[in-house]
Structures are given as structure tokens and as C-alpha cells.
Amino acid sequence: MIVTGPAAAGKTTALLHVGRACHLAHTRKNPTPPGSANTAVPVAYVLVPPGATAKTLITEFARYLGIPTTTRMTQTQITDAVCHTYTAAGIQLVLIDEIHRLNPCTTTGAQAADLLKDLTGRLLATIVYAGINVTDTPLFSGTRGAQLAGRATLINCGPLPARHGQHHPFRDVITDIENNLDLTQHTPGTLPRHAPYLHQRTAGRIGSLTRLIRQAAITAICDGTERITKASLEAIRLDHLPSNTAAPHQSADRRAQISRHSRNSAKSAVLRCSGSDTAPSLRNSVWQAVALDGGV
């Protein structure tokens, strides 16, 4: 299975959500016996490194489970160790992100693509890939690309619609994010009420949405308000991608005003944080806010 789509469409978020769901389902069905030192690891998450070669890629597989490797080990030795350990650990789902970094048209890229094909046959697990617009990359070109395309189902992941039939998927995502906020003064239901504004602001991109809410949550923790409002959301300077596709009605003066307010809020928040004597609890709260991107 290959999850593809434009940047910030929520591919990694979806990948991690599936991985977490699989992990929780497995642990509920197969709880670890009391006193057992062997814990099953049903899910693996691997990030394709930039300019990946077959050896650097298989080393990422090894690093995920802490399999020891040395520079003297050959690719074959590391691959054998990975396949043995993944099977022994009970890996059932392998999530491979940033697959668009592979280029089978180059020698090193072709070797890395061949490695993935080899792992597909040797690992007793379902492999899910994710990457940016993979159909527009060399990944699907040539003989190796045809082999990969013939072994995977393509799932397009685009901006989330505000409404789909009788459902409101974008608002549902916002509700799930809000339920994971750890802000003591935040009123539940505030963010879902602003779903139309958030959809227009982020152009329906999940990555942009999570970054916007995460930054607003961190600011709320640092300035002591402990809540997110529409005003605090407007003060956050959004990433470049949705800024070019959303809020066409905003004037240049209004965007400049928001930018200045965002910088001033961030500066004052940093000053408040640096002078606080509750650093440990604050640091924990910030990490909880940062964790809004999800995880297995």
C-alpha cells in the first residue's frame, strides 16, 4: 500500500494513526504475561534517509529496534539481522515514510528499491509506504517502478474536505486534537466551533492544522492563559504552503498586523517561560503540546 499526496496533506499523521491503532489492538488482544521480559513489537516505523543507499536504508530498519550494527558489517549481514529480529519481535506492520526520496533511476536508488522488494518477501509483515506525489517521481518509472506499482495499492491523500455528505471530517479531526490538549483553562468545543475558519486558514491540510494548533497551545502554556481562542489562532503565523492558498480576502495590512502580533506574542511568551520557576511542569506540558503530531 502506498499513501501519496501533496505536502502537509496529513500522510505521516495518517500513517502514525494507523500504526498506533494496530499497536493498541495487538496489545489488547495479546497482553504481555505478568513477569515476562519479552514484549511484542507489532509495528515498525522507518524514515527513508535523504540520498538513501541500500545499506543506509537497512541500517534505519536496524536502528528502530536497536539492532547493533558496525561499519564493518555488510548490507547482507545487516539485512539478515533485521529479518531475523523483526520476525522474532512479531512485527506485523512496517510503515516506511518519505518514500519519494528513492530514485530507482540512479545506481544507489535502484539498489535501495531492490532491498525493499527483498524485504517484502522476507518479512512476515504488511508494508505501507508514504511519500509526496509518488506518481510524479521516478519511483514508478522503469522496470523497478513497475514492480513496485504492481505490488501496492495507491491511496491518494489530499486536503480534507469540510463536509462529506452528512459527515464533517475536518471538524471531527479538530475535535480529536482538542481532546488531547492539556490546557487547564481551555473550554471544550471551542476549536470545533471554529472549524470553518480553520479549514479556510489551513486549506484543509492536516499538517498545517496540527502545526497551527500546536503552536497556539505552546503559546497558551507559555503566556499562562492556558486556552486557545480565535484571536490567539489568528496571531500564529502559518506555514507558507496554506498561506498561498487560504485567506485570499485578507489584505496585506491585515497579514502584516497578524505577523507583528505573532512575533510580539512569541517574544513575550519566551520571556515569561525563561523567568518561570515552574520549569519542570511547564516543560512536560510543552512536550505534551508538541506530541499533537501523534506517535506510535
Side-chain angles (χ1 to χ4, degrees), residues 7-17 19-21 23-24 45 47 160 169-243 246-247 250 254-296:
K11 299 179 296 299
T12 298
T13 301
L15 214 61
L16 294 176
H17 180 78
R20 183 174 184 272
H23 179 86
L24 293 176
Y45 176 81
L47 197 68
L160 201 62
F170 192 78
R171 187 178 63 190
D172 293 341
V173 170
I174 294 173
T175 301
D176 289 339
I177 294 175
E178 186 183 64
N179 290 338
N180 285 280
L181 290 175
D182 190 22
L183 300 175
T184 58
Q185 301 300 319
H186 184 77
T187 304
T190 299
L191 295 182
R193 284 198 299 272
H194 296 310
Y197 160 76
L198 290 170
H199 190 273
Q200 179 269 331
R201 180 90 187 275
T202 62
R205 299 179 185 274
I206 303 303
S208 300
L209 174 69
T210 55
R211 278 190 292 273
L212 175 61
I213 297 179
R214 181 177 66 244
Q215 186 58 48
I218 293 174
T219 301
I221 292 172
C222 290
D223 65 17
T225 58
E226 290 284 338
R227 65 178 180 271
I228 298 177
T229 63
K230 186 176 180 180
S232 64
L233 289 170
E234 287 185 335
I236 303 299
R237 186 173 184 177
L238 207 54
D239 49 274
H240 179 69
L241 188 60
S243 297
Q250 283 187 350
R254 174 58 176 161
R255 288 193 295 269
Q257 180 185 1
I258 291 176
S259 178
R260 288 194 299 270
H261 185 66
S262 177
R263 289 194 297 270
N264 293 336
S265 297
K267 190 180 298 183
S268 61
V270 170
L271 291 175
R272 288 188 181 95
C273 284
S274 61
S276 173
D277 57 356
T278 58
S281 61
L282 178 60
R283 183 167 57 250
N284 292 336
S285 297
V286 169
W287 277 117
Q288 290 174 344
V290 171
L292 283 175
D293 269 345
V296 176

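Heavy atoms only: backbone and side chains are in, while hydrogens, waters and symmetry mates are out.
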Before you tell me yes or no, could you show the steps for D182 and I221 under side chain to side chain contact (heavy atoms under 4.5 Å, CB included), namely the whole-Å CA-CA distance, both residues' side-chain angles and the distance that decides it to 0.1 Å?
CA-CA 9 Å; D182 190 22; I221 292 172; over 6 Å; no
Could you go through T13 and V173, starting from their C-alpha distance and side-chain angles, then the distance that decides it, and tell me whether this counts as side chain to side chain contact (heavy atoms under 4.5 Å, CB included)?
CA-CA 11 Å; T13 301; V173 170; over 6 Å; no
Is there a side chain to side chain contact (heavy atoms under 4.5 Å, CB included) between E178 and H186? Walk through the geometry before answering.
CA-CA 9 Å; E178 186 183 64; H186 184 77; 2.8 Å; yes
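Taken to the nearest 0.5 Å, the NE2 atom of H194 stands 13.5 Å off from the CZ atom of R171. We find the CZ-CG distance between R20 and L24 to be 5.0 Å, quoted to the nearest 0.5 Å. Distance check: F170 CZ to L209 CG gives 4.5 Å after rounding to the nearest 0.5 Å. Considering CG of D172 and CD1 of I177, their distance stands at 11.5 Å, rounded to 0.5 Å. Separating the CG atom in L181 from the CG atom in D176 is a distance of 11.5 Å, to the nearest 0.5 Å. Note that CG of L183 and CD1 of I218 are 10.5 Å apart. Values are rounded to the nearest 0.5 Å.
Residues T219 and C222 fail the side-chain proximity criterion, which asks for heavy atoms closer than 4.5 Å.
The two atoms that bring L198 and T202 nearest to each other are O-OG1, 2.7 Å, heavy atoms only. Minimum heavy-atom separation, G10 to I206: CA-CB, 3.8 Å. Residues I174 and P192 come closest through the heavy atom pair CG2-N, 3.7 Å.
At least one donor-acceptor pair closer than 3.5 Å links the side chain of R201 to the backbone N or O of L233. Checked by atom type and distance alone, the side chain of Q185 never pairs as donor or acceptor with a backbone atom of E226 at under 3.5 Å.
For the side chain to side chain contact (heavy atoms under 4.5 Å, CB included) test with I228, the passing option among I236, I213, T190 is I213; the others fail.
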